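Take a look at the structure set out below.
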There are 2 protein chains.
Amino acid sequence: MLDETDREIVEILLRDSRTSLKELAQAVGLSSPSVSERLRRLEERGVIRGFTVEVDAKALGFAIQAIVRIKPLPGKLHVVQKLIEETPQFGECDKVTGDDCFVARLYVRSIEELDGLLDRIADKAETSTAIVKSQPIPRRAPPLQSS
Amino acid sequence: MLDETDREIVEILLRDSRTSLKELAQAVGLSSPSVSERLRRLEERGVIRGFTVEVDAKALGFAIQAIVRIKPLPGKLHVVQKLIEETPQFGECDKVTGDDCFVARLYVRSIEELDGLLDRIADKAETSTAIVKSQPIPRRAPPLQSS
DNA sequence: CCTTCGGCCCTAATAAAATTAGGTGTTTTC
DNA sequence: GAAAACACCTAATTTTATTAGGGCCGAAGG
């Protein structure tokens, strides 16, 4: 899928996407235009979906994170999904197998805020909540090797 | 925490962190050096933790994602954590309240691969697995407003 | 077997972007 | 009320990215 050079480029960009072409070129032993072209193709192929920044929840005052399993009551699936989408405290949300339920991350400043948010879903879904104690792996990309 | 200008800058960068200072400056009605300085301070304050790329699991052949709850058997907590960290198919992993258990994302190419990975943990932890059917919110930052 | 085409790379020149330097007005502090 | 701190500006400089133009295989086809 990716050759060794592409993999190295992506790995460097995962660590710091502002790395200059010059530095990337040095790291992989190519010229800047070559790296630029590889980058363009990685994006074109959809391997690199985009360039972004990582924002720190704690620095913004969201000291607590929770993982919430949300099982909408019969007929409430779309209402619940809409609510999740429109509530900014929800981070990523996955719809998973088993009773059509959602697993979502929640960013809150206090237990009270968490409680308040869960209350607002209480009449639309069954929920179970786990507070995040630590993040052994805060974020990690899928493997870049096909091995 | 963040003024309106900072918020706008961060929002733009979340969408595309390669946006030039010139464009950012135009968007917020400041000069490039001013935006540059604000950026520096956002990083210094830890609001922006880093610049990175988003890599697409599907494009790399990982068609399946699963959310796995992993409850280590007595005395196996550290072994399990190490295994998770060293298995590249694991994406982000949170340690949550309730019986010292982990919630992790898993990227695999097939159900067989998923099964194989779960087998390797089977003697160290109790697991329950939910396959991701869709991602209503693939990724989202915490709210930028204190509201 | 030779030619052609496509892929991938290069250097050098140009264009665009980021940074730095130096200065102005406004607000906070002593 | 002066001084310092702050947040911003423009203009000059430096760094970075992009473009243009060619060379070198290696595979495909005559």
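Quantities reported herein were computed from a predicted structural model and do not represent experimental measurements. Each chain gets a letter, A, B and so on, in the order its sequence line appears, and its residues count up from 1.
Comparing the local axis fitted to the first five base pairs of the helix from C/dC1-D/dG30 to C/dC30-D/dG1 with the one fitted to its last five gives a bend of 30°, rounded to 10°.
OP1 and OP2 of D/dA7 both lie 4.0 Å or more from every side-chain N or O belonging to B/Ser34. Taking only side-chain nitrogens and oxygens, A/Arg40 never comes nearer than 4.0 Å to OP1 or OP2 of D/dT18.
Using a 4.0 Å cut-off between a side-chain N of Lys or Arg and a carboxylate O of Asp or Glu, A/Asp6 and A/Arg45 qualify as a salt bridge. Under a 4.0 Å N-O distance rule, the pair A/Glu86/A/Lys82 qualifies as a salt bridge. In summary, B/Glu43 and B/Arg40 do not engage in a salt bridge, as defined by a charged side-chain N under 4.0 Å from a carboxylate O.
In terms of modelled atom types and a separation under 3.5 Å, the side chain of B/Arg140 and the main chain of A/Glu85 share a donor-acceptor contact. With B/Asp94 contributing its side chain and B/Val96 its backbone, the two residues share no donor-acceptor pair below 3.5 Å. At least one donor-acceptor pair under 3.5 Å links the side chain of A/Thr87 to the backbone N or O of A/Leu83.
Rounded to whole Å, atom C1' of C/dT19 lies 14 Å from atom CD of B/Glu43. Rounded to a whole Å, the CZ atom of B/Phe51 is 16 Å from the C1' atom of D/dT16. Separating the CD atom of A/Glu37 from the P atom of D/dG22 is a distance of 19 Å, rounded to the nearest angstrom. The distance from atom CG of A/Asp3 to atom P of C/dG7 is 15 Å, rounded to the nearest whole Å.
Residues of residues 14-32 of chain A having a heavy atom closer than 4.0 Å to DNA chain D, listed by number: A/Ser20, A/Leu21, A/Lys22.
Backbone-only engagement by A/Arg41 is indicated by non-hydrogen atom pairs under 4.0 Å involving sugar-phosphate atoms exclusively.
Heavy atoms of other residues, nucleotides or ligands lying less than 6.0 angstrom from NZ of A/Lys133 number more than 12.
Donor-acceptor pairing under 3.5 Å is recorded for the side chains of A/Arg139 and B/Thr52.
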